[in-house]
**Student:** 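Following this message is one structure expressed as structure tokens.
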Amino acid sequence: MSFLKSREAILTGAIVALLALVATRYGAFIRPANLAAVFNDTSPLIILALGQMVVILTRCIDLSVAANLALTGMVCAMLNVAMPGLPIGVILVVALALGAALGAINGLLVWKLDIPPIVVTLGTMTIFRGVIFLLSDGQWVNSHEMSASFTGFARHVILGLPVLSWIAILVALVMLVVMTRTPMGRALYAVGGNPHAAVYTGINVGRSQFIAFVISGMLAGLCGYLWIARYAVAYVDIAGGFELDVVAACVIGGISIAGGIGTVGGAILGALFLGIIKNALPVVDISPFWQLAISGAAIIIAVLFNARADRTKGRVILKSAEVTQ
Amino acid sequence: DDMRIAVVVKALGIGFFEAAAKGAEEAAAELGDVEIIYTGPTDTTAEGQIEVINSLIAQNVDAIAVSANDTDALVPTLKKAMQRGIKVISWDSGVAEEGRMMHLNPSSNPLIGNMIIKLAADHLPEGGEVAVLSATTTSTNQNIWIEEMNKVMGNYPGIEVVATVYGDDLADKSYREATGLMQSYPDLDAIIAPTSVGIVAAAQAVVDAGKVGQVNVTGLGLPSEMAGAVESGASQSFAIWNPIDLGYSATMIAYHLAKGDATAEPGATISMGRMGEVTLDDTTSGAMADPFVYDSSNIDDFKDIF
Amino acid sequence: MKDGAHWGAIPRAVPFFRPAGGGIMQAMTNSPASGETPVLALDQIVKEFPGVRALDGVQLALYPGEVTALIGENGAGKSTIVKILTGIYQPDGGDIRLDGAPVRFPTAQAAADAGVTAIHQETVLFDELSVAENIFLGHAPKGKFGLIDTARMKREARAILDGIGASMDVDVRLRDLGIASKHLVAISRALSIEARVVIMDEPTAALSQKEIEELYELVDQLKAQGKAILFISHKFDEIFRIADRYTVFRDGQFVAAGKMAEIDEAQLVQMMVGRAVDQIFPKRAARIGDEVLKVVGYSHPTEFEDINFSLKRGEILGFYGLVGAGRSEFMQSLIGITKPSKGVARVAGDIRVIRSPADAIDAGIVYVPEDRGKQGAITTMPIFQNVTLPSLGKTSKNGFIRLAEEFALAREYTQRLDLRAASLDTPVGSLSGGNQQKVVIAKWLATQPKVIILDEPTKGIDIGSKAAVHDFMSELAGQGLSVIMVSSEIPEILGMSDRVIVMREGRMVAELAGDDLTPETLVRHAAGIGSKGEAA
Amino acid sequence: MSMADHRPRSIPDQLTTPLARALKSWESLLLVVAIGIFILNSFASPYFLNAWSLSDATFNFTEKAMIAFAMALLIVAGEIDLSVASIIALASTAMGVALQLGAGTPVLVLVGLGTGLLCGAFNGVLVTRFGLPSIVVTIGTMSLFRGISYIILGDGAFRGYPADFAWFGQGYVFWVISVEFVIFALLAVVYGVVLHKTNFGRAVYAVGNNATAALFSGIRVGRVKMILFLLTGLMSGLAAICLTSRLGSTRPSIGTGMELEVVTMVVLGGVNILGGSGSIPGVVIAAFVMGLVTFGLGLLNVPGIVMSIFIGLLLIGVIALPRLWAKLRRA
Ligand SMILES: Nc1ncnc2c1ncn2[C@@H]1O[C@H](COP(=O)(O)OP(=O)(O)OP(=O)(O)O)[C@@H](O)[C@H]1O
Ligand SMILES: Nc1ncnc2c1ncn2[C@@H]1O[C@H](COP(=O)(O)OP(=O)(O)OP(=O)(O)O)[C@@H](O)[C@H]1O
Ligand SMILES: [Mg+2]
Ligand SMILES: [Mg+2]
């Protein structure tokens with residue numbers, strides 16, 4: 001019962017309706033193979049949205065995810081060029097570690113110096129991009145320079161789905177457990193829900209926010225490698241502006257920008273919603289010039305919708321009102 | 001003092017322009033008394049270019065050779081530069097006439113427009129469906145070439161352009177657009193991408209969709225970036241002018257204008273060193289050379305150069 | 001809430017609590033000897049805030065099996081000492097000894113680990129988490145792989161709630177609970193921690209009479225288990241009811257400590273305020289004039305229905321009811337915060353449509369809210385800017401601010417209320433609760449209203465300031481201002497009001513004046529125990 | 001009566017003098033930074049100390065600063081508008097449409113300002129009427145407004161603005177003093193007075209510090225926020241006029257990414273991003289700092305992206321260093 005009224009259910013409904021609408025224009029879109037392809041295409045957004053969710057839950061925001069992704073991706077690509085023999089496992093570890101380290105920079109500035117997260121990540125966003133330029137000297141790393149295993153890993157198909165999709169599923173499962181079943185997950189919710197009370201509860205607010213940034217950074221780093229591998233090219237501007245898509249996915253998924261409210265399922269659905277729109281518009285033959293306006297409108301409608309669903313019933317003290325509720 | 005010639009590009013870090021910078025340096029070395037200032041914004045915006053040009057004006061350089069992000073938006077700033085005695089030419093992507101002294105086309109637009117459709121048609125003797133994957137909706141070059149291409153479509157019976165989409169010169173968007181094209185048009189035979197970002201992304205999309213051999217990716221691209229696609233068979237052939245030559249020629253022209261041993265007026269000819277001479281038309285623009293076709297036979301010779 | 005005997009259920013719940021090692025009930029087996037060696041002793045504690053020395057070398061000792069009442073005016077430093085004991089603030093000097101050994105509490109967790117737990121003055125809970133999660137946040141029972149054992153957590157939460165007679169569902173999100181239930185959750189949370197020292201900072205402020213009685217029984221239980229209890233309250237009847245010892249602070253300094261048995265109320269008050277206080281409510285000659293405000297048929301879809309009354313010049317109209325009776329909601333609709341669905345308000349005969357507080361101020365109706373931290377004061381802004389905020393029209397010219405006049409206005413009204421602060425441009429947030437309340441009242445008086453609504457004006461206010469507020473109310477009424485006073489304190493209602501309206505579950509159930517106005521009639525109407533005999 | 005028992009204590013108005021506070025303020029720190037950068041620049045490049053160079057340098061910040069003033073008020077009030085750059089695109093597009101219909105310069109200006117106001121009203125209504133968080137709303141309208149420009153213009157461009165329209169972005173009032181710079185300076189004064197000397201400004205602070213208490217105090221919170229969104233829209237419209245005039249053409253990509261630079265300027269100016277505090281002089285100095293940094297580095301032909309590292313470091317550093325210093329001193 002409560003699920004049917006939940007944000008997740010509403011969003012699932014919206015996604016199904018969207019798919020149905022697209023199907024009327026272009027039936028093949030909802031073929032399982034195509035849906036799998038759409039899921040695969042949306043995987044990086046899902047992973048990033050999950051990281052961003054954690055950050056937003058603690059009343060922060062991470063605008064540096066896309067820049068982190070690009071920087072980590074570039075480092076992985078350059079590493080691959082320099083040492084083509086390096087196993088993918090090592091590359092993955094490097095991506096996760098570097099991403100986490102970049103996230104930790106954000107986290108430390110927020111934790112130790114108490115600088116508002118939006119300011120910190122606005123700053124690191126431009127700094128990270130600049131560092132890519134300095135590292136690469138503005139040069140691209142192209143597909144023929146990358147080793148076959150480097151670009152092949154993400155698209156290797158297991159049980160009908162590419163590794164990229166499986167990684168997104170794995171990340172989602174891990175995040176689900178972390179957020180619902182571990183003391184750390186609870187603490188992250190608590191910090192965003194009522195930071196003042198969290199202090200009284202013995203939770204270190206700053207440290208929890210630091211952890212959130214590290215998680216977000218780590219997932220951005222992971223996406224960095226996956227992104228570079230998938231598109232087989234690395235340059236300064238990769239995933240430019242993608243941070244807004246990530247935040248939009250979270251918002252559509254019902255993660256409250258005020259902190260403390262949001263679920264793993266919501267973040268995933270929000271990302272899928274955007275991903276489907278992105279993938280559907282080109283195939284249903286809507287002029288590419290309409291794309292931007294449609295995604296903008298979708299964000300606004302979704303937020304309006306969420307706000308309605310979010311409106312608390314309030315306290316009812318009149319007996320007559322209770323009956324009619 | 002050395003003569004300072006500023007080579008302003010659409011954005012730094014794009015392989016094509018990096019190669020052009022090499023050409024400019026080559027010309028400078030040949031001329032001896034020239035210092036090249038290679039610069040440009042980080043992303044392809046007119047506002048960014050204006051800021052860069054303003055600082056060049058302040059430095060009082062001798063000449064500016066610019067590949068513009070916007071035909072009109074740079075005009076007021078470049079006019080200001082000319083008022084302060086700086087010689088201004090545009091190359092590759094042009095500026096409206098009143099904003100520059102002359103414009104150097106890499107090739108002539110009709111030749112390029114014809115070339116891109118010919119590259120696709122040569123592999124489709126029976127005719128077929130082709131789609132265009134362009135850069136941004138505002139790119140001057142791509143739009144002119146597509147226009148020129150459409151003009152000569154009559155010469156290629158049986159070839160039908162089914163769609164034109166825009167990848168915004170972003171790898172991921174281009175990739176998604178290319179994938180979308182293959183889904184919307186299952187019988188698609190070729191994707192023409194007259195942009196170096198788009199063509200790479202389209203080739204990757206074709207490989208990932210398992211359509212190598214069915215969909216031929218062609219258009220304009222850089223040998224270094226397209227080597228993999230030619231090897232995998234996703235692209236049979238593609239064309240590009242030589243950006244090194246282009247940077248070289250632009251520098252040469254700017255040098256002669258700044259030295260005062262050439263003037264930019266309709267009908268004038270200006271020396272481009274080893275590239276010969278350019279003759280200016282009524283709009284004071286001229287073409288450098290024909291585009292050059294790369295395929296499996298010659299790609300290895302070029303892929304390490306640019 | 002179940003019947004009274006349920007505190008006795010606690011021992012039966014023992015097996016549920018931490019079966020492995022001495023749960024909260026562990027001390028049951030020890031004899032609760034009220035020895036003369038303190039469990040926790042503080043000495044020479046100093047705590048400074050920018051511009052304020054909140055604690056200046058105070059001492060405090062808590063004994064096993066005894067309740068120590070901490071008494072002092074607003075701003076005396078009571079809550080500050082609680083925060084030091086629970087690791088939220090670090091003292092700037094002095095030492096804390098636990099069983100005679102020096103300790104430090106760098107974090108709240110460290111204090112909890114040492115067995116010190118507190119019910120804080122402000123509810124510090126999480127609206128978006130469930131009841132069970134709130135109770136066990138930070139020390140949830142763990143199962144496999146270190147993951148939270150949700151089932152066990154709910155079971156234990158249920159047991160603790162049962163133990164204090166709270167009946168709410170452990171899965172319900174806290175935002176869906178009423179304020180009193182939230183307080184019960186806060187108490188349960190404190191009980192869920194293995195504690196030797198339990199601190200309660202004004203725990204009864206938000207509870208109804210019945211819940212207060214139950215809390216007293218809980219305190220007795222904890223005493224019996226040998227726990228040391230620190231109890232902070234401004235209510236003297238309460239202190240005399242449950243405390244064994246007292247400690248008095250004044251202006252951040254230690255004044256006295258001793259046994260309750262050896263002291264009387266007058267002496268305590270004398271120590272607390274440093275002077276004798278006339279506890280009798282100021283009687284004044286009622287010169288009641290013409291009708292100022294008439295409210296007809298005010299209704300709201302869910303919060304209140306059909307409220308009618310008329311208010312005269314110079315009159316003090318009391319609104320009595322149990323917590324949650326809907327008085328605040330109704331008052332807020334009078335100033336345009338909540339929109340009534342029906343009803344009209346006439347001010348001096350004219351119908352006034354009040355859609356926002358700005359309209360209400362225009363009409364001469366002002367409201368001193370109950371929640372001063374959120375609705376009353378802008379705590380991050382200076383005192384003078386708070387005071388002049390609704391009167392900016394007066395201190396400015398053509399919309400341009402005139403600083404000198406602002407300060408003059410602020411000075412006038414803060415002096416009238418005897419505000420204590422370092423300067424007028426210090427932020428309100430750095431004042432104690434009582435002084436913050438004075439700023440809020442000053443702000444509204446500065447608008448020179450016709451009707452002032454005071455919602456629980458003396459809640460959490462010390463006895464000295466309380467008397468000042470009461471005096472002031474009489475003085476205002478004497479000057480022809482009409483006062484509406486919402487209060488849940490019967491002595492205050494009886495002592496101050498000319499007439500009382502009783503509300504229950506969103507409805508006016510009685511209007512009492514003169515001889516009808518007795519504690520019994522008030523309670524009977526508020527609780528809905530009519531002549532029919534049973535609760536409605 | 002107990003009240004009469006003791007004399008009321010008198011409380012001093014202020015403990016520190018306004019001058020002492022000014023010296024310790026953020027603005028002073030920023031001013032030192034600005035002067036430092038100015039001196040560094042004049043040593044680093046021989047071309048810097050030239051009236052025309054400096055005049056050109058002001059174009060790097062004038063349009064952004066116009067928006068930054070209104071944005072500063074909006075952020076002080078606890079809201080934010082990320083759609084400003086998109087409003088520029090839409091306003092510029094609307095002017096282009098008006099141009100096609102034969103409008104002259106006065107009408108173009110009205111259309112530009114009007115479109116800005118409309119966009120501001122749209123944001124304002126969503127935030128104040130529907131109670132949505134502004135950061136989210138304006139991320140949405142950021143796509144929507146620019147999206148509409150794309151729908152109207154596609155791959156085309158509007159050009160051929162009348163000659164006298166060029167005055168806004170390319171004209172000079174006196175010698176090297178450009179029209180844009182004069183507009184910037186006038187707006188700095190107007191916004192400074194509005195925020196710091198009027199009841200409205202006080203209301204803005206009150207709303208930003210505690211909107212609920214401000215509402216209870218009789219401030220029409222919704223109206224204040226609505227006015228601020230309208231102002232921000234209007235300023236974006238004005239910036240659109242200047243930018244369009246300076247570029248002489250309209251394309252839907254006009255002004256891309258400007259919103260972040262505007263926010264950076266406001267934050268660098270000492271406005272608390274969480275609302276409640278900040279000043280216009282701070283924003284003015286921050287505008288100069290950003291203009292000087294980008295122009296100074298530009299003269300050294302440092303690529304824009306490397307400049308952005310400096311801006312990013314400046315943004316974090318100017319906030320972080322004083323805090324770090326205070327921390328170290330305490331330890
Ligand atoms: N965070 C803080 N910053 C600055 N001053 C503070 C802070 N917390 C408390 N104070 C000051 O310390 C003094 C003691 O405050 P405290 O809250 O302990 O009083 P209290 O005795 O609990 O009063 P009340 O009965 O009103 O709750 C007051 O003068 C108050 O202004
Ligand atoms: N579920 C709840 N969550 C948060 N606050 C609540 C809740 N229920 C009631 N309150 C707060 O408790 C206070 C009491 O509620 P209300 O104002 O309706 O009753 P009242 O008769 O005025 O009671 P009181 O005696 O406390 O003034 C209000 O300030 C209200 O905001
Ligand atoms: Mg207290
Ligand atoms: Mg109330």
Side-chain angles (χ1 to χ4, degrees), chain C residues 51 275-278 282 332 335 337 356-362 366-367 369 371-381 383-386 388-390 392-393 396 399-401 407 410-411 414-426 440 443-444 447 464 467-468 471-472 474-475, chain D residues 1-18 20-21 24 76-78 128 190 192-227 272 274-278 326 330:
Chain C
R275 65 193 151 87
V277 173
D278 181 7
Q332 290 178 9
I335 58 155
I337 297 278
S356 71
D359 294 341
I361 295 169
D362 275 350
V366 300
Y367 172 73
D371 184 346
R372 72 184 150 254
K374 277 201 199 109
Q375 303 166 340
I378 300 182
T379 52
T380 41
M381 284 173 79
I383 294 169
F384 79 95
Q385 294 190 1
N386 268 279
T388 57
L389 196 59
L392 278 176
S396 64
F400 289 91
I401 286 170
F407 275 116
R411 222 180 294 127
T414 50
Q415 279 182 11
R416 278 176 73 179
L417 285 165
D418 191 23
L419 181 79
R420 294 168 199 197
S423 72
L424 285 180
D425 69 344
T426 47
V440 178
K443 159 170 106 171
W444 289 117
T447 64
D471 266 346
F472 212 82
S474 298
E475 200 179 312
Chain D
M1 292 232 178
S2 57
M3 251 198 50
D5 290 350
H6 53 288
R7 255 172 284 107
R9 313 172 186 205
S10 92
I11 305 168
D13 288 352
Q14 284 160 319
L15 288 178
T16 49
T17 63
R21 257 176 299 148
K24 277 198 285 185
V76 168
T128 59
V190 170
V193 168
V194 166
L195 183 60
H196 301 299
K197 299 281 177 215
T198 67
N199 290 346
F200 180 76
R202 180 65 62 75
V204 169
Y205 280 111
V207 169
N209 277 289
N210 182 345
T212 313
L215 179 72
F216 273 76
S217 301
I219 288 173
R220 297 174 196 272
V221 174
R223 187 184 296 181
V224 169
K225 287 186 178 172
M226 188 71 202
I227 290 174
N272 184 348
L274 308 173
S277 69
R330 243 181 289 132

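We name chains A, B, ... by the order of the sequence lines, and we start the count at 1 in each one.
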**Student:** Can you see which heavy atom on C:F384 is nearest to which on D:R202, and at what distance?
**Tutor:** CE1-NH2, 4.4 Å

**Student:** What's the separation between atom CG in C:L392 and atom CD1 in D:I219, rounded to the nearest 0.5 Å?
**Tutor:** 7.0 Å

**Student:** State, yes or no, whether a side-chain contact exists between D:R220 and C:D359 at a heavy-atom distance under 4.5 Å.
**Tutor:** yes

**Student:** Could you pull out the closest heavy-atom pair between C:M381 and D:A206, with the gap in Å?
**Tutor:** SD-CA, 3.6 Å

**Student:** Starting from the C-alpha separation in whole Å, work towards a yes-or-no answer on side chain to side chain contact (heavy atoms under 4.5 Å, CB included) for C:I401 and D:N199.
**Tutor:** CA-CA 6 Å; C:I401 286 170; D:N199 290 346; 3.5 Å; yes

**Student:** Minimum heavy-atom separation for D:A213 to C:A377, with atom names?
**Tutor:** CB-O, 3.7 Å

**Student:** Does the side chain of D:L215 come within less than 4.5 Å of C:I337's, by heavy atoms?
**Tutor:** yes

**Student:** By a 4.5 Å heavy-atom criterion (distance strictly below it), what part of D:V193 contacts chain C: side chain, backbone, both, or neither?
**Tutor:** side chain

**Student:** How many angstroms lie between atom CZ of D:F216 and atom CH2 of C:W444, to the nearest 0.5 angstrom?
**Tutor:** 9.5 Å

**Student:** Counting only N and O atoms by type, is there a donor-acceptor contact under 3.5 Å from the side chain of D:N210 to the main-chain atoms of C:K374?
**Tutor:** yes

**Student:** Which bit of C:A360 is near chain D, if near means a heavy-atom gap under 4.5 Å: side chain, backbone, both or neither?
**Tutor:** neither

**Student:** Can you tell me how far the CG atom of D:N209 sits from the OG1 atom of C:T380, to the nearest 0.5 Å?
**Tutor:** 3.0 Å

**Student:** Please report the interatomic distance OG(C:S396) to NZ(D:K197), rounded to the nearest 0.5 Å.
**Tutor:** 13.5 Å

**Student:** Quick check for you: to the nearest 0.5 Å, what is the distance between C:Q375 atom CD and D:S217 atom OG?
**Tutor:** 10.5 Å

**Student:** Under a 4.5 Å heavy-atom cutoff, which of C:L389, C:V366, C:I361 has the most pairs with chain D?
**Tutor:** C:L389

**Student:** Side chain from CB out, backbone as N, CA, C, O: work out which of these in C:T388 comes under 4.5 Å of a heavy atom of chain D, or both, or neither.
**Tutor:** side chain

**Student:** Between C:N386 and chain D, with a heavy-atom cut-off of 4.5 Å, which part of the residue counts as in contact: side chain, backbone, both or neither?
**Tutor:** neither

